[in-house]
Amino acid sequence: MRGMPDPDPTEPTSASRPLVPLAPAVKACLLVTALLLVLGAYFLVVPLHVNSSSGSPFECSRAVSWPSGAFAQNSCGRINEVYLMRAVGVFIAAVLVGGGGFLLFGARRKAPAPATTA
């Protein structure tokens with residue numbers, strides 16, 4: 001290519017650059033993060049029910065889709081908002097666990113081999 005400097009032959013390329021393995025604690029944090037993301041998604045899409053005064057369940061839709069109509073909103077109360085806040089809290093916890101685990105434990109770096117003098 002014109003105008004591009006020739007690559008330095010001593011610099012490792014992306015194909016020859018070794019991958020830095022993650023520490024086991026980071027892998028555990030990422031697993032917990034994945035489980036928290038699934039739990040947050042569950043809170044968003046689970047069907048919500050409220051028992052009416054007669055004992056029969058009343059459908060309150062899902063946390064992501066609020067009930068329409070004044071009767072449905074009065075019957076369901078704040079259950080949709082509660083489940084939405086639960087999902088948001090779990091998503092924030094997932095970000096904190098994943099990001100915090102990576103920042104605290106990071107990747108395992110191999111120590112450079114000591115130089116030997118002959």
Side-chain angles (χ1 to χ4, degrees):
M1 294 181 148
R2 291 187 171 193
M4 297 291 294
D6 291 332
D8 185 10
T10 59
E11 185 178 316
T13 62
S14 62
S16 65
R17 196 174 298 146
L19 293 175
V20 179
L22 295 176
V26 175
K27 292 178 184 177
C29 287
L30 291 178
L31 178 64
V32 171
T33 297
L35 294 174
L36 286 172
L37 290 173
V38 168
L39 180 64
Y42 172 78
F43 282 143
L44 286 177
V45 300
V46 65
L48 304 175
H49 303 282
V50 173
N51 288 333
S52 64
S53 59
S54 64
S56 61
F58 185 80
E59 179 71 33
C60 292
S61 190
R62 293 166 168 43
V64 292
S65 60
W66 295 62
S68 60
F71 178 74
Q73 289 175 353
N74 291 335
S75 297
C76 293
R78 298 181 58 185
I79 190 168
N80 296 78
E81 184 180 351
V82 168
Y83 270 77
L84 183 64
M85 290 300 116
R86 283 182 187 176
V88 168
V90 170
F91 286 140
I92 290 172
V95 169
L96 290 176
V97 168
F102 190 78
L103 289 175
L104 287 176
F105 303 112
R108 289 187 292 176
R109 305 229 188 268
K110 292 184 178 180
T116 57
T117 57

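In what follows, every heavy atom counts, from backbone to side chain, and hydrogens, waters and symmetry copies are set aside.
Of the candidates Leu96, Leu36, Leu44, Leu44 is the only one forming a side chain to side chain contact (heavy atoms under 4.5 Å, CB included) with Phe91.
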Give every donor-acceptor pair under 3.5 Å between a side-chain atom in residues 70-80 and any protein atom, sequence neighbours left out.
| residue | atom | partner | partner atom | Å |
| --- | --- | --- | --- | --- |
| Gln73 | NE2 | Pro67 | O | 3.4 |
| Asn74 | ND2 | Ala70 | O | 3.2 |
| Ser75 | OG | Phe71 | O | 2.9 |
| Arg78 | NE | Glu81 | OE1 | 3.3 |
| Arg78 | NH2 | Glu81 | OE2 | 3.3 |
| Asn80 | ND2 | Cys60 | O | 3.0 |
| Asn80 | ND2 | Arg62 | O | 2.7 |

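Residue Gly40 comes nearest to Ala87 through the heavy atom pair O-CB, 3.6 Å, listed as atom of the first residue, atom of the second, then distance. Across all their heavy atoms, Leu48 and Ala63 have their closest contact at CD1-N, 3.9 Å. Across every non-hydrogen atom of Cys29 and Gly101, the tightest pair is SG-CA, 3.6 Å.
Leu30 and Leu104 fall within the same hydrophobic cluster, defined by Ile, Leu, Val, Met, Phe, Trp and Tyr side-chain heavy atoms under 4.5 Å apart, directly or through other members. Phe43 and Val97 fall within a single hydrophobic cluster, where Ile, Leu, Val, Met, Phe, Trp and Tyr side chains are chained together by heavy-atom contacts under 4.5 Å. Taking hydrophobic clusters as Ile, Leu, Val, Met, Phe, Trp and Tyr residues chained together by side-chain heavy-atom distances below 4.5 Å, Leu84 does not share a cluster with Val46. Hydrophobic clustering (side-chain heavy atoms under 4.5 Å, transitive across Ile, Leu, Val, Met, Phe, Trp, Tyr) keeps Phe102 apart from Leu31. Phe105 and Val95 fall into different hydrophobic clusters, where Ile, Leu, Val, Met, Phe, Trp and Tyr are joined by side-chain heavy atoms under 4.5 Å apart, directly or via other members.
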side-chain contact (heavy atoms from CB on, under 4.5 Å) evaluation trace for Asn51 with Phe58:
CA-CA 6 Å; Asn51 288 333; Phe58 185 80; over 6 Å; no
